[in-house]
A.B. asks: 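Quick one: structure below, then a few questions.
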Amino acid sequence: MGRSTLQHYSHAFRYVLPTFGDMDIQSINRKSIQAFLSKQAKRYSKSALKSMRLVMCMVLKWAERNGELTQPNGWLEGIRLPRVVGKKVIRTELKPQQTLAFVERMKEPYSTLVLLLASTGLRGEEAVGFKPPDLDSNNVLHLRRVFYHGQVDELETERLLSLDAVLHAELIARMRFLGEGREWIFQSRAGTPVNMGNARSRYLQPTAAAIGVKIGGWHDFRHTLVRSLRRAGVN
């Protein structure tokens, strides 16, 4: 492609096109990425900035592998996020009974989605990308794609997540039931993976209000699990 711009690379990069869309891709370096994140920090939360950094690194690594970008080895490693952000999302560490209340009160497929997030620590965009074959006969989840901003992105390297046949028995049964005869396990009425942003405002937040807890979003279930594991000395 020669002096291509990032417009050729990925729909997942579309929200940074106003900054990088018309740039010669060879001119993109750590300094320009850091400057972009610092500018966005005035408007977005740290969680949003992490997503931006992740998508940018994924796309730029893809460009490197395809010979469209040449930079020193490891140039994308250790890119720091700004310390001060304009929008701070407050995360809630949920008590077990509160998480269970979400599972009990929410309708499907959101009830099982909560159970999956709270049990495995997966991110929402990873969880809603599962198809029925991704949960194999050995109860191993094959993470092959993410669903982000209405678009499916296939991962170059799949990750494996083993579910315990006893500990995760209910989760396994629920996921197999939801996926029967469907393309996606967590499928919307339109036949696409459920939209996490839409589901947050329509289902998650009203359920949180009914339970009587404040919740920042779907990430709170992952946050709760990660915090509990850290206290137990587990990575």
Side-chain angles (χ1 to χ4, degrees), residues 10-15 44-58 81 87-94 98-132 134-135 141-155 158-161 163 168 171-172 174-175 178-179 182-209 211 213-229:
S10 171
H11 54 262
F13 217 72
R14 66 189 182 281
Y15 58 85
Y44 296 102
S45 68
K46 183 167 289 189
S47 177
L49 293 175
K50 285 182 179 179
S51 296
M52 293 180 192
R53 180 179 61 182
L54 173 63
V55 173
M56 291 173 73
C57 288
M58 288 176 62
L81 297 177
K87 180 180 178 182
K88 185 176 181 180
V89 177
I90 298 176
R91 295 298 176 192
T92 300
E93 186 173 352
L94 299 162
Q98 291 174 327
T99 298
L100 182 60
F102 278 97
V103 175
E104 292 177 341
R105 286 173 175 262
M106 297 185 77
K107 66 179 185 179
E108 293 290 16
Y110 308 105
S111 173
T112 300
L113 180 58
V114 168
L115 188 59
L116 175 63
L117 298 178
S119 301
T120 64
L122 287 170
R123 300 180 186 277
E125 59 267 25
E126 298 172 332
V128 297
F130 285 122
K131 295 185 177 184
D134 295 331
L135 177 56
L141 277 170
H142 296 252
L143 180 57
R144 295 168 170 142
R145 67 195 69 81
V146 296
F147 185 70
Y148 194 74
H149 283 264
Q151 300 289 342
V152 176
D153 283 321
E154 299 290 336
L155 302 178
E158 73 173 43
R159 288 164 42 203
L160 302 179
L161 178 63
L163 300 180
H168 300 115
L171 174 61
I172 293 169
R174 281 169 168 252
M175 291 182 67
L178 287 176
R182 297 183 178 185
E183 181 179 4
W184 306 94
I185 292 178
F186 300 101
Q187 185 164 298
S188 68
R189 293 180 180 177
T192 62
V194 297
N195 184 299
M196 299 295 286
N198 181 55
R200 180 180 63 245
S201 58
R202 293 187 62 186
Y203 304 109
L204 182 64
Q205 296 290 2
T207 303
I211 295 171
V213 298
K214 291 185 178 180
I215 189 170
W218 297 100
H219 192 78
D220 288 33
F221 298 108
R222 170 184 167 86
H223 170 81
T224 297
L225 178 62
V226 170
R227 289 290 297 272
S228 63
L229 290 176

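Everything numeric in this text was worked out from a predicted model, so none of it was measured.
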A.B. asks: Could you pull out the closest heavy-atom pair between Leu155 and Leu143, with the gap in Å?
C.D. replies: CD1-O, 4.0 Å

A.B. asks: Closer than 4.0 angstrom, basic N to acidic O: yes or no for Glu154 and Arg144?
C.D. replies: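 Looking at Arg144 together with Glu154, the answer is no, because their closest N to O distance does not fall below 4.0 Å.
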
A.B. asks: Nearest 0.5 angstrom please: Leu115 CG to Glu104 CD, how far?
C.D. replies: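 Reported to 0.5 Å precision, the distance equals 11.0 Å.
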
A.B. asks: List the atom of Thr99, the atom of Ala118, and the distance in Å for their closest heavy-atom pair.
C.D. replies: CG2-CB, 3.7 Å

A.B. asks: What heavy-atom pair brings Val103 and Ser111 nearest, and what distance separates the two atoms?
C.D. replies: O-OG, 2.6 Å

A.B. asks: Run Trp218 and Tyr110 through side chain to side chain contact (heavy atoms under 4.5 Å, CB included) and show every step you take.
C.D. replies: CA-CA 10 Å; Trp218 297 100; Tyr110 308 105; 4.2 Å; yes

A.B. asks: Quick one: are Pro132 and Ile185 in side-chain contact, heavy atoms under 4.5 Å?
C.D. replies: yes

A.B. asks: Do you know which two heavy atoms are closest between Gly129 and Asp134, and how far apart they sit?
C.D. replies: O-OD2, 4.0 Å

A.B. asks: Checking the side chain of Asp220 only, and the main-chain atoms of Gly216 only, is there a donor and an acceptor separated by less than 3.5 Å?
C.D. replies: yes

A.B. asks: If you look at every heavy atom in Leu178 and Pro109, which pair is closest and at what distance?
C.D. replies: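 It is CD1-CB, 4.0 Å.
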
A.B. asks: Between the side chains of Thr224 and Arg91, is a donor N or O closer than 3.5 angstrom to an acceptor N or O?
C.D. replies: no

A.B. asks: Answer yes or no: is there a donor N or O on one side and an acceptor on the other, between the side chain of Thr92 and the main chain of Leu94, under 3.5 Å?
C.D. replies: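 Not at all, since once roles are kept as given, no pair shorter than 3.5 Å links the two residues.
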
A.B. asks: Could you tell me which non-hydrogen atom of Met175 sits nearest to which non-hydrogen atom of Phe130, and how far apart they are?
C.D. replies: CE-CD1, 4.4 Å

A.B. asks: Look up atom CE in Met58 and atom CG in Asp153, then write down how far apart they are to the nearest 0.5 Å.
C.D. replies: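 Result: 6.0 Å between the selected atoms.
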
A.B. asks: With distance as the sole test, does Gln187 use its side chain to make a donor-acceptor pair with the main-chain N or O of Glu183 at under 3.5 Å?
C.D. replies: yes

A.B. asks: List in chain and number order the residues that pass ring pair (Phe, Tyr, Trp, His ring centres under 6.0 Å) with Phe186, two or more places apart in sequence or in another chain; answer none if no residue qualifies.
C.D. replies: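 Ring pair (Phe, Tyr, Trp, His ring centres under 6.0 Å) check on Phe186 returns nothing, list empty.
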
A.B. asks: The criterion is salt bridge (Lys or Arg N to Asp or Glu O under 4.0 Å); which residues satisfy it with Arg222, sequence neighbours excluded?
C.D. replies: none

A.B. asks: Using the rule given for side chain to side chain contact (heavy atoms under 4.5 Å, CB included), can you reason through Leu141 versus Leu160, listing the C-alpha separation, both sets of side-chain angles and the distance that settles it, and then say yes or no?
C.D. replies: CA-CA 6 Å; Leu141 277 170; Leu160 302 179; over 6 Å; no

A.B. asks: Check for a donor-acceptor pair, side chain of Ser228 on one end and backbone N or O of Leu225 on the other, with a separation under 3.5 Å.
C.D. replies: yes

A.B. asks: Go through it in stages, so that I can follow the logic: the residues are Val152 and Trp184, the test is side chain to side chain contact (heavy atoms under 4.5 Å, CB included), and I'd like the CA-CA distance, side-chain angles, deciding distance and then a yes or no.
C.D. replies: CA-CA 12 Å; Val152 176; Trp184 306 94; 3.9 Å; yes

A.B. asks: With side chain to side chain contact (heavy atoms under 4.5 Å, CB included) as the criterion, how do Lys50 and Leu81 come out once you've worked through the C-alpha distance, each side chain's angles and the decisive distance to 0.1 Å?
C.D. replies: CA-CA 7 Å; Lys50 285 182 179 179; Leu81 297 177; 3.2 Å; yes

A.B. asks: To the closest 0.5 Å, what do you measure between CG (Leu113) and CZ (Arg174)?
C.D. replies: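 One gets 11.0 Å once the value is rounded to the nearest 0.5 Å.
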
A.B. asks: Side-chain polar contacts of residues 196-209 - donor-acceptor pairs under 3.5 angstrom, sequence neighbours left out - could you list them?
C.D. replies:
residue : atom : partner : partner atom : Å
Ser201  : OG   : Asn198  : O            : 3.1
Gln205  : NE2  : Ile215  : O            : 3.4
Thr207  : OG1  : Tyr203  : O            : 2.7

A.B. asks: I'd like to know if Arg159 pairs up with Glu126 as an ion pair, taking the criterion as any Lys NZ or Arg NE/NH1/NH2 lying under 4.0 Å from an Asp or Glu carboxylate oxygen.
C.D. replies: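 Here Arg159 pairs with Glu126 in a salt bridge, since their nearest N and O are under 4.0 Å apart.
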
A.B. asks: Given the side-chain rings of Phe102 and Phe221, with only the six-membered ring counted for Trp, is the space between their centroids under 6.0 Å?
C.D. replies: yes

